[in-house]
Amino acid sequence: MPSVGGKRKQPETSESDRMVALHRARIVEWAPTAITALAATADATIVAAARESGSIEIWNTEHWQCIKRIPGRKHAAISSLAWTREGSSGRWRLFSGGLDGALTEWDLEASSSGSVSDSFGGAVWSLAAEPGQSSEGNSHRVAVACDDGALRIFEAQDGVAGLQYVKTLPRTEGRVLSAAWHPDSNTIVTGTSSGVMHVWELTSNRELLRMTAGSGAGVGSELCVWSIMVLPDGTMVSGDSTGTLQFWDGQHGTLLQAFTQHKADILAVAASKDGNIVFATGIDVQVACFRRLPAKNGNPEKWLYLDTRRPHTHDVRAMLVLNPVGADALLVTGANDAQLFAYSVPRFQTSHPVRVCKVPQRPGLHLAAPSEDSLQPVALLAVQPLHVDLWQTGCTPANPTHQAAKAAKTTAADLTTLPTHIVRIQKTGEDHIVCGAVSPDGSGIAFSDQQGLHLYQLSPQSDAAHPHDTGAVDPTAEESDLAVSKAARQQQVAVGRAGQKLMRLSSPEDLPTFQELQYRPGCAQVIGLTAQGSLVVLDTPTMTVVHEFSDAIDLLQLAGHSLAVDQAQQAAADQLDGVSNLTVSAGGTWAAVVKGRHVHVFDLQAMTHHGRLPALQDESPLTAIAFSSGGDGLIVANASNHIGVYNVESMAATDWTRTVGAKLPARLLDMPGSIASIAVHPKAAEIVVATPSSACHFSLVHQAPLEAGVAPTSVWGAEYPYQSVNTSQRASDPGENFRVLPMLHPVLMLAYTSPSSLLLVDKPWEEVYKSLPEPLYRHQYGT
């Protein structure tokens with residue numbers, strides 16, 4: 001096998017070896033769900049996003065990387081989020097309220113739901129955390145807007161799980177839909193479904209002011225005050241179901257100004273830190289900006305509508321403003337189109353919104369080991385929230401025609417075998433699947449949820465039973481819903497997989513929930529990584545844990561943090577950074593785990609911690625890792641699209657990293673998005689890295705990118721095989737090293753299935769929109 005460290009000479013490749021078939025497959029389901037709530041930590045380094053599926057995403061705002069994903073539940077209904085911080089330890093805590101009346105604290109260390117309590121008032125429409133810290137110093141108050149018409153006060157007490165009930169304010173007509181704290185922390189404003197707003201003094205539970213929103217129709221008008229906010233000077237801002245944005249005097253409750261810029265319900269309002277810029281958004285998808293004009297020449301101050309942005313296609317349900325230290329304020333919006341957008345607050349009128357992630361809620365796709373030739377299909381596992389699908393990829397002729405490729409650079413290749421659906425495993429219970437894996441030969445399937453580890457095996461009917469086989473799965477069993485596809489059985493005759501049966505294996509019941517799973521090549525073992533950083537090696541024939549890296553948790557938790565920095569001084573992004581990206585070398589010798597900016601390597605033969613790789617030069621968090629085909633090298637990429645190659649044995653950077661890696665071409669560094677995957681050629685030192693919207697191919701043999709006007713010296717010659725398949729935008733020239741391929745549609749996966757074939761899994765947004773609910777309002781352009 002070739003070495004990435006440059007110690008062994010690369011074999012010469014023929015013209016036929018260099019031709020690569022690029023398969024585009026759209027067989028995988030991808031249905032991202034709406035964003036229902038957003039909340040940011042006070043230091044603006046973390047944003048939490050809740051989705052309609054019940055999942056929670058934790059985003060690092062410095063590089064806009066999703067550092068944690070907490071799986072959801074069936075029938076989840078999260079309506080709001082709130083952050084608090086313990087005064088004694090500095091620990092950040094995340095709470096959610098739901099339309100099922102549940103108040104949930106999320107265990108951010110274990111990436112799961114924690115303590116759950118009742119709101120005592122039905123559905124929770126809004127949560128509002130007290131600004132700053134309570135006067136007692138060891139608790140943080142949270143206002144809960146309830147369906148029964150009452151606002152309830154809870155406390156997040158230091159060292160006590162969940163929210164603790166404190167008191168209930170007097171009940172009002174209709175539902176309490178929104179709540180906002182006054183900067184003095186002793187006054188709360190609420191908005192109701194009867195169109196009335198109330199100002200409450202918490203010390204005495206007295207109602208100080210009462211205001212009627214909208215046109216003033218009063219109670220019973222079925223006017224909903226969906227959002228409310230108090231500016232630093234006490235001015236109150238409300239958005240209601242008529243699309244009216246209103247500004248209210250904080251002392252007397254009189255209406256100052258009203259705007260009818262919106263044509264449908266205003267669902268969210270937000271403001272700059274100084275309170276001089278206000279944003280409103282909602283069902284009509286426009287994000288409108290309003291600015292305060294100070295009093296001048298005897299004229300009173302007033303508010304002025306400035307501009308509108310419409311990056312979303314569906315109802316915008318959540319919005320907030322971030323005020324990061326040393327950077328411009330950012331506006332963040334989330335909508336039913338599953339998208340997050342970020343806007344510059346000071347340059348709202350002159351800059352474009354930026355899509356935070358082009359592939360939200362990316363399905364877990366796992367490819368079995370590449371085959372020796374393109375005639376042999378490879379298994380592809382697609383992990384969905386409540387089921388997993390096993391596919392086998394299509395195949396192309398062993399020797400594609402090259403003369404046509406020379407003339408046209410790309411040709412359509414005929415498939416000898418179409419992609420085939422093998423089996424779907426529908427899990428029981430309401431908890432969503434966290435992760436999954438497929439064995440190198442495609443016969444083993446593993447996935448983990450909150451109930452533990454689930455193992456399945458595909459084997460010929462004539463094979464002896466697995467020692468832990470619970471029996472062949474009944475395809476008609478309603479509780480398991482497992483079946484081998486009829487089309488797959490018909491085509492298995494041609495690919496040598498006829499007469500297979502699916503067996504459910506009995507796994508140990510005391511295993512934890514895993515965040516990452518991998519099969520170990522060369523032996524029947526499954527390796528699992530927990531959210532806390534524990535690495536477990538399970539032997540499937542005996543169903544016993546052969547090793548658990550007891551020191552892995554401490555090593556991973558300390559990675560990237562100074563021992564001198566305690567939790568109270570840490571930014572939320574550093575405190576909440578988690579483990580990710582478990583990968584195993586092709587020979588089964590090494591395992592690697594990402595923790596923030598570092599990679600930890602474990603020796604699976606000696607069952608020891610081998611060491612920690614040095615961080616890349618720009619200190620950005622790592623986003624993708626992969627072992628070389630020979631297993632002696634490790635390729636890493638970070639959020640800034642920098643790439644490094646390391647020798648695993650010596651844990652040192654290779655010559656390529658010190659030379660080429662130190663001066664990567666701008667076309668690679670400037671690719672939109674961050675590198676999400678690394679595909680390594682099975683037989684050569686060639687790599688394809690992919691972001692959600694582009695890909696880049698390069699060879700480790702070349703010591704520098706080709707400059708303009710320099711003749712290509714690559715072993716591929718002028719007939720470089722790759723060509724962008726998704727876009728008319730011009731890709732880099734065929735002879736170049738570091739050739740960038742822009743993609744039109746979101747890239748879900750890009751990986752080698754054989755030395756002569758690549759698999760591209762993508763999905764147009766037009767197809768994704770079909771799975772989303774119809775927007776409640778459509779803007780008529782030109783009106």
Side-chain angles (χ1 to χ4, degrees), residues 18-30 32 357-360 362-371 373-374 376-383 389-397 400 405 408-421 438 623-624 626 637 668 671-682 684 686-698 720-732 734 738-768:
R18 295 197 300 271
M19 295 303 300
V20 175
L22 183 58
H23 299 254
R24 174 198 276 162
R26 292 179 179 168
I27 55 178
V28 175
E29 299 175 10
W30 178 43
C357 179
K358 194 173 182 179
V359 188
R362 180 197 304 269
L365 300 180
H366 306 272
L367 199 65
S371 59
D373 59 70
S374 60
Q376 183 66 30
V378 176
L380 171 67
L381 184 72
V383 180
D389 287 313
L390 185 66
W391 294 80
Q392 64 183 23
T393 61
C395 301
T396 54
K409 294 185 180 178
T410 57
T411 56
D414 295 328
L415 293 177
T416 58
T417 305
L418 294 175
T420 308
H421 185 254
V438 61
T623 56
L668 168 63
M671 286 196 307
S674 299
I675 293 173
S677 65
I678 301 174
V680 181
H681 193 283
E686 300 176 14
I687 294 171
V688 178
V689 296
T691 71
S693 56
S694 58
C696 178
H697 174 280
F698 59 94
Y720 187 75
Y722 298 102
Q723 180 75 11
S724 174
V725 296
N726 283 5
T727 178
S728 58
Q729 182 180 352
R730 181 181 178 275
S732 306
F738 293 97
R739 188 183 184 211
V740 173
L741 312 172
M743 302 291 184
L744 178 62
H745 304 303
V747 177
L748 304 182
M749 184 184 202
L750 184 62
Y752 282 97
T753 57
S754 75
S756 60
S757 59
L758 269 167
L759 174 67
L760 169 66
V761 182
D762 67 356
K763 185 79 74 171
W765 268 108
E766 291 78 6
E767 294 186 19
V768 176

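Atoms considered below: every heavy atom in the structure, side chains included; atoms not considered: hydrogens, waters and symmetry mates. Just so you know, residue 1 is the first one in the sequence shown, and it goes up from there.
Between P692 and S674, the shortest heavy-atom distance links the atoms CD-O, 3.6 Å. Minimum interatomic distance between S693 and P672 (heavy atoms only, all atoms of both residues): OG-CG, 3.3 Å. The two residues L744 and K358 have their closest heavy-atom pair at O-NZ, 3.4 Å.
Contact check for S757 versus Y752: no side-chain heavy atoms found under the 4.5 Å cut-off. Taking 4.5 Å as the limit, every side-chain heavy atom of P370 sits out of range of all side-chain heavy atoms of V378. Residues V740 and M671 form a side-chain contact, since some pair of their non-hydrogen atoms from C-beta on lies under 4.5 Å apart. Between R26 and V761, the closest side-chain pair of non-hydrogen atoms is not below 4.5 Å.
Between F738 and F698, the ring-plane angle classifies as parallel under the 30° and 60° cut-offs.
Formation of a donor-acceptor pair under 3.5 Å by the K763 side chain with backbone atoms of H745 is not found in this model. Checking side-chain atoms of W30 against main-chain N and O of V359 turns up no donor-acceptor pair under 3.5 Å. For the pair R362 (side chain) and M749 (backbone), a donor-acceptor distance under 3.5 Å is absent. Side chain of S371 to main chain of Q376: a donor-acceptor pair is present (N/O by atom type, distance under 3.5 Å, no hydrogens or angles). At least one donor-acceptor pair closer than 3.5 Å links the side chain of T420 to the backbone N or O of L418.
For the atom pair T623 OG1 and I678 CD1, the distance stands at 7.0 Å (nearest 0.5 Å). The OG atom of S754 lies 6.5 Å from the NE2 atom of H23; values are rounded to the nearest 0.5 Å. Note that the CD atom of E29 and the CD atom of E767 stand 12.0 Å from one another [nearest 0.5 Å]. Between I27 atom CD1 and H421 atom NE2 the span is 9.0 Å, to the nearest 0.5 Å. Taking CG of L668 as the reference point, atom CD1 of I675 lies at 5.5 Å (rounded to 0.5 Å).
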- Message: Between L750 and L759, is the side-chain contact (heavy atoms from CB on, under 4.5 Å) condition met? List the steps.
- Response: CA-CA 6 Å; L750 184 62; L759 174 67; over 6 Å; no
- Message: Could you walk me through whether D762 and R24 satisfy the side-chain contact (heavy atoms from CB on, under 4.5 Å) test, starting with their C-alpha distance in whole Å, then the side-chain angles of each, then the deciding distance to 0.1 Å, before giving a yes or no?
- Response: CA-CA 7 Å; D762 67 356; R24 174 198 276 162; 3.6 Å; yes
- Task: Could you walk me through whether L390 and L380 pass side-chain contact (heavy atoms from CB on, under 4.5 Å), step by step?
- Result: CA-CA 6 Å; L390 185 66; L380 171 67; over 6 Å; no
- Task: Apply side-chain contact (heavy atoms from CB on, under 4.5 Å) to the pair L365 and L381, showing each step before the final yes or no.
- Result: CA-CA 6 Å; L365 300 180; L381 184 72; over 6 Å; no
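If you run side-chain contact (heavy atoms from CB on, under 4.5 Å) between C696 and each of T691, V688, V689, only V689 comes through.
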